[in-house]
Amino acid sequence: MGGAAGRGRRLAARKVRFSGHGDRHSAAARRRPAPLALQGCRRALNFADFRLAKGIPRMNGVDLERMRHSCAHVLAAAVMKLHPQAKLGVGPAIADGFYYDIHTPTPLTSEDLPAIEAEMRRIRERKLPFVREDVPIEAAAAHMQATGQDYKVELLEMLRTRGSTAAKGLDDPNLFDNAAQGVASVSFYGLGDFKDLCRGPHVEHSGQVGAFKLMRVAGAYWRGDNRNPQLTRVYGTCWANEADLKAHLFRLEEAEKRDHRKLGTAMGLFHIQEEAPGTVFWHPKGWSLFRAIERYMRAKLEDGGYVEVKTPQLVDRVFWEKSGHWENYRDAMFVAKPGKEGEEEDRLYAIKPMNCPGAVQIFRQGQRSYKDLPLRLAEFGACHRYEPSGALHGIMRVRAFTQDDAHIFCTEDQIPDESRKFCDLLRDIYKDFGFADLLVKFSDRPEKRAGEDAIWDKAENALEKGAQAAGLTTLRNPGEGAFYGPKLEFVLRDAIGRDWQCGTLQVDFVLPERLDASYIGEDGAKHRPVMLHRAILGSFERFIGILIENYAGRLPTWLSPIQARLVPIADRHVEFAKDVAKRLARAQLPHGEGGVRVDIDDSTERMQKKIRNAQLEQIPYMLVIGDKEAEAGKVAVRLRSGKDLGAMTVDEAIARIAQEVDARADLPAPA
RNA sequence: GCCGCAGUAGCUCAGGGGUAGAGCAGCGCAUUCGUAAUGCGCGGGUCGGGGGUUCAAUUCCCUCCUGCGGCACCA
């Protein structure tokens with residue numbers, strides 16, 4: 001409950017889709033917005049998936065989706081030949097390729113892949129035709145039963161009874177209503193000796209499947225449900241030709257180079273070690289970045305009429321029982337007992353997993369008046385959640401994180417205006433971080449919910465109006481709101497086209513009730529405030545990870561831990577370099593940023609090496625000082641782009657850096 | 001948490017039943033240099049933890065931890 005803001009969520013990729021197996025609506029299903037997730041999010045969806053637009057694109061006139069789907073069949077045929085005991089699950093086309101879920105008596109491992117791939121090549125060379133055959137569903141079931149294809153039998157049973165293989169909640173919710181009557185006949189596609197239940201369409205023959213490569217194996221629960229057995233999912237990629245395949249593999253390598261775990265270590269920003277899984281050790285440079293963001297956010301929030309608070313880290317479990325967290329999230333909460341070994345106090349404390357109940361306590365102190373509203377309580381709240389081990393990922397998904405959280409206590413009538421203000425602020429902030437492309441999802445009332453419909457009408461309208469007033473177009477995300485209220489979810493797109501959900505604005509009329517927050521109205525009577533949970537960055541940890549990957553480590557000057565490095569050419573230039581450093585550090589940069597963050601490379605390396613090092617560290621400004629500069633009282637300015645700006649006075653250099661800091665991410669990348 | 005894979009020097013990685021090796025980094029010395037790597041030398045490892053097999057384990061087996069790729073989760 002208490003949908004505190006913050007948790008940047010992973011845009012979970014569409015899960016098992018069951019397309020291509022008698023699912024008449026697979027195309028629609030594929031386009032449905034994905035359910036969102038919390039903190040995680042390494043590889044998010046493409047905007048296209050959200051914008052209900054294209055599915056898998058055509059390339060060079062080739063219908064990639066069809067080809068990939070056919071490639072999945074080739075995979076299945078190869079596996080059946082090499083492992084006749086295999087039972088097949090589903091095998092759809094996906095963003096860059098395809099997969100097939102397969103059960104074998106001993107699970108397939110990556111060592112099996114070369115042999116399978118070789119067999120697939122043989123099948124491709126034989127140019128076997130894909131032969132469609134329409135069969136009555138009973139006959140299909142009998143065939144699958146006879147060949148031991150239990151999962152296919154299950155799929156057929158679903159088709160027979162309700163006309164779809166869609167998993168509820170995973171695929172288009174309308175699908176059930178439209179297709180509740182079931183189907184009488186299905187199609188098989190034959191490929192040599194191999195025959196698979198499939199709605200098609202396929203390429204004409206196996207020679208047309210293009211360039212493919214099996215990528216990896218992974219476990220995947222049958223029908224995406226962890227109560228079901230786990231199959232081995234074999235992932236492959238498939239493209240129209242070798243060149244496209246190569247290009248794709250190259251893109252993967254490039255994306256890997258941006259990996260924040262690699263870059264973050266190389267840049268000396270942070271580390272994580274065994275004894276503290278899922279929690280970050282921030283090094284001086286990383287913490288400098290963290291603080292730069294915090295400083296910026298603090299200023300923005302202050303401008304936005306927020307006041308900052310700090311609530312306790314450790315609170316008695318009784319408190320969490322009251323808030324409802326104990327009941328719902330106890331497994332994910334860290335607990336602590338004080339006292340010496342063997343003589344602990346009886347009280348059990350829990351480390352806060354969210355900030356909202358704490359904020360309500362502050363609201364509840366003293367007597368609140370309608371004149372206090374809206375009251376915007378911001379908190380850079382450090383939360384701990386015992387995330388499942390498999391979910392941890394660098395600093396993107398961690399067990400201890402800091403939210404740019406805030407809770408706005410207001411009246412129902414104030415919701416539209418507060419929403420608009422929030423949207424404005426958020427967009428402003430994203431822009432400063434260099435994210436211009438924004439997608440806003442509007443998640444409305446879920447089936448299971450608290451509160452009267454009239455309140456929901458009001459809340460939904462108010463939220464939507466607020467977003468519109470801020471000039472944002474929202475994408476409807478039906479039934480995905482929290483049980484306590486509707487929410488807006490803000491997804492930004494990074495430099496290589498990945499989407500990350502960061503911001504959120506949630507209306508909550510449950511927690512104020514539950515924790516008994518009230519204010520005295522104009523009428524002199526007690527009223528319940530509405531609570532808006534909201535976050536912009538989500539978690540600092542995750543957002544910093546996103547920044548690193550977005551900029552491939554080349555952080556904009558205003559965020560760079562070191563903004564300028566002084567490069568004295570010889571020892572005799574160090575003294576002057578120190579002078580320059582002092583002047584830079586004492587400068588007054590815009591936005592109250594203080595002085596330039598500067599250091600000196602006074603090592604005995606040659607100047608070329610110093611420049612190379614600064615370059616590798618992605619330092620925006622290299623200020624070279626040799627005889628000429630020392631004599632003229634100037635610095636020779638080199639940018640990390642390699643551009644040499646020539647000699648200028650220290651004041652000129654400061655002005656230039658100041659200008660860039662002032663513009664933040666708005667400045668086009670330096671030439 | 002589940003499936004699969006991995007853990008060797010600070011980093012990237014090679015090796016393999018007889019107590020380990022490269023490049024980079026680090027340290028020392030020389031060099032004082034004009035926009036992406038100066039040269040020479042030196043040091044550095046309980047081969048993730050625990051247990052087992054063996055005359056002998058970093059290597060083989062079991063187990064735990066951590067990480068990676070997915071799945072599931074994500075208030």
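We use all heavy atoms of the structure for the numbers below, so side chains are in, but hydrogens, waters and symmetry mates are not. Throughout, protein chains are lettered first and strands after them, A, B, ... in sequence-line order, and every chain is numbered starting at 1. All of these numbers come straight from a predicted model, not from anything done at the bench.
- Salt-bridge check for E617(A) with R565(A): passed, with a basic side-chain N closer than 4.0 Å to an acidic carboxylate O.
- Aromatic ring pairs are classed by plane angle as parallel below 30°, tilted from 30° to 60° and perpendicular above 60°; the pair F490(A) and F422(A) is perpendicular.
- Residue I600(A) contributes atom CD1, which lies 22 Å from atom P of U32(B) at whole-angstrom precision.
- When the C1' atom is used for both A37(B) and C3(B), the distance is 44 Å, rounded to whole Å.
- The distance from atom CG of L392(A) to atom P of C2(B) is 14 Å, rounded to the nearest whole Å.
- Along RNA chain B, the nucleotide nearest E111(A) and the nucleotide nearest A332(A) are compared for position; the residue whose nucleotide lies closer to the 5' end is E111(A).
- A614(A) comes within 4.0 angstrom of nothing in the nucleic acid, heavy atoms only.
- As rounded to whole Å, 13 Å separates atom C1' of A30(B) from atom CG of D571(A).
- Phosphate contact (OP1/OP2 of G67(B), side-chain N/O of H393(A), threshold under 4.0 Å): absent.
- If you take atom P in G48(B) and the same atom in G15(B), they sit 15 Å apart, rounded to whole Å.
- Counting to the nearest Å, the C1' atom of U66(B) and the CD atom of Q273(A) are 11 Å from each other.
- Remark: G10(B) base-pairs with C24(B); criterion is Watson-Crick or G-U wobble with both hydrogen-bond distances under 3.5 Å.
- In a base pair of the Watson-Crick type (N1 to N3 plus N6-O4 or O6-N4) or a G-U wobble (N1-O2 and O6-N3), with each distance short of 3.5 Å, C29(B) is matched with G39(B).
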Quick one: what's the B/S/- string for nucleotides 33-40 of chain B, heavy-atom cutoff under 4.0 Å, read 5' to 3'?
BBBBBB--

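- Between E387(A) atom CD and A72(B) atom C1' the separation is 13 Å, expressed in whole Å.
- Taking 4.0 Å as the cut-off between side-chain N and carboxylate O, R572(A) and D627(A) count as a salt-bridged pair.
- In this structure, F334(A) and H384(A) have perpendicular ring planes: the angle between them is above 60°, well past the 30° mark.
- Distance check on atom P: A22(B) versus G41(B) gives 13 Å, rounded to whole Å.
- A salt bridge links R227(A) to D225(A): at least one charged side-chain nitrogen sits closer than 4.0 Å to a carboxylate oxygen.
- G268(A) comes within 4.0 angstrom of nothing in the nucleic acid, heavy atoms only.
- A salt bridge links R233(A) to D101(A): at least one charged side-chain nitrogen sits closer than 4.0 Å to a carboxylate oxygen.
- In this structure, E652(A) does not pair ionically with R656(A), as no charged nitrogen and carboxylate oxygen lie closer than 4.0 Å.
- Among the nucleotides C5(B), A72(B), C71(B), the one closest to the side chain of A220(A) is C71(B).
- Taking for each of E275(A) and L231(A) the nucleotide of RNA chain B with the nearest heavy atom, the 5'-most of the two is the partner of L231(A).
- The gap from the P atom of G4(B) to that of G51(B) amounts to 26 Å, rounded to the nearest Å.
- The base of G1(B) is paired with the side chain of Y221(A) by a donor and an acceptor separated by under 3.5 Å.
- Residues E489(A) and S443(A) bring a donor and an acceptor atom of their side chains to less than 3.5 Å of each other.
- G34(B) is unpaired under the Watson-Crick or G-U wobble criterion, no partner having all donor-acceptor distances under 3.5 Å.
- A straight line from CZ of R397(A) to P of G69(B) spans 14 Å, rounded to a whole angstrom.
- Nucleotides G26(B) and G10(B), compared at atom C1', are 8 Å apart to the nearest Å.
- Nucleotides G21(B) and A9(B) are separated by 10 Å at their C1' atoms, to the nearest Å.
- We find that CG of D96(A) is positioned 12 Å from P of G70(B), with the value rounded to whole Å.
- For G1(B), one of the phosphate oxygens OP1 or OP2 lies less than 4.0 angstrom from a side-chain nitrogen or oxygen of S389(A).
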For H271(A) and F281(A): C-alpha separation, side-chain torsions, deciding distance, then whether side chain to side chain contact (heavy atoms under 4.5 Å, CB included) applies.
CA-CA 5 Å; H271(A) 85 271; F281(A) 287 79; 3.3 Å; yes

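- One finds no salt bridge joining R251(A) and E254(A) here, because no Lys/Arg side-chain nitrogen approaches an Asp/Glu carboxylate oxygen to under 4.0 Å.
- In this structure, P388(A) reaches the bases: a heavy-atom distance under 4.0 Å links it to at least one base atom across the strands shown.
- Side-chain atoms of R216(A) and base atoms of C68(B) include no donor and acceptor less than 3.5 Å apart.
- Comparing the C1' positions of G1(B) and C61(B) gives a spacing of 26 Å, expressed to the nearest Å.
- When the nucleotides C73(B), G70(B), G4(B) are ranked by their closest atom to the side chain of Y235(A), G70(B) comes out on top.
- To the nearest 0.5 Å, atoms CG (L505(A)) and CZ (F442(A)) are separated by 10.0 Å.
- Classification of R612(A) and E605(A) as a salt-bridged pair fails, no side-chain N sitting under 4.0 Å from a carboxylate O.
- Here C5(B) sits opposite G67(B) as a Watson-Crick or G-U wobble pair (both hydrogen-bonding atom distances under 3.5 Å).
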Under a 4.0 Å heavy-atom criterion, the protein footprint on nucleotides 8-15 of chain B, written with B, S and -, is --------

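- Searching all strands for a Watson-Crick or G-U wobble partner of U46(B) with both distances below 3.5 Å returns nothing.
- Straight-line distance between the P atoms of C60(B) and G7(B): roughly 10 Å, to the nearest whole Å.
- Within the shown strands, nothing qualifies as a pairing partner of G16(B) under the Watson-Crick or G-U definition with both distances less than 3.5 Å.
- As rounded to whole Å, 19 Å separates atom P of G69(B) from atom OH of Y99(A).
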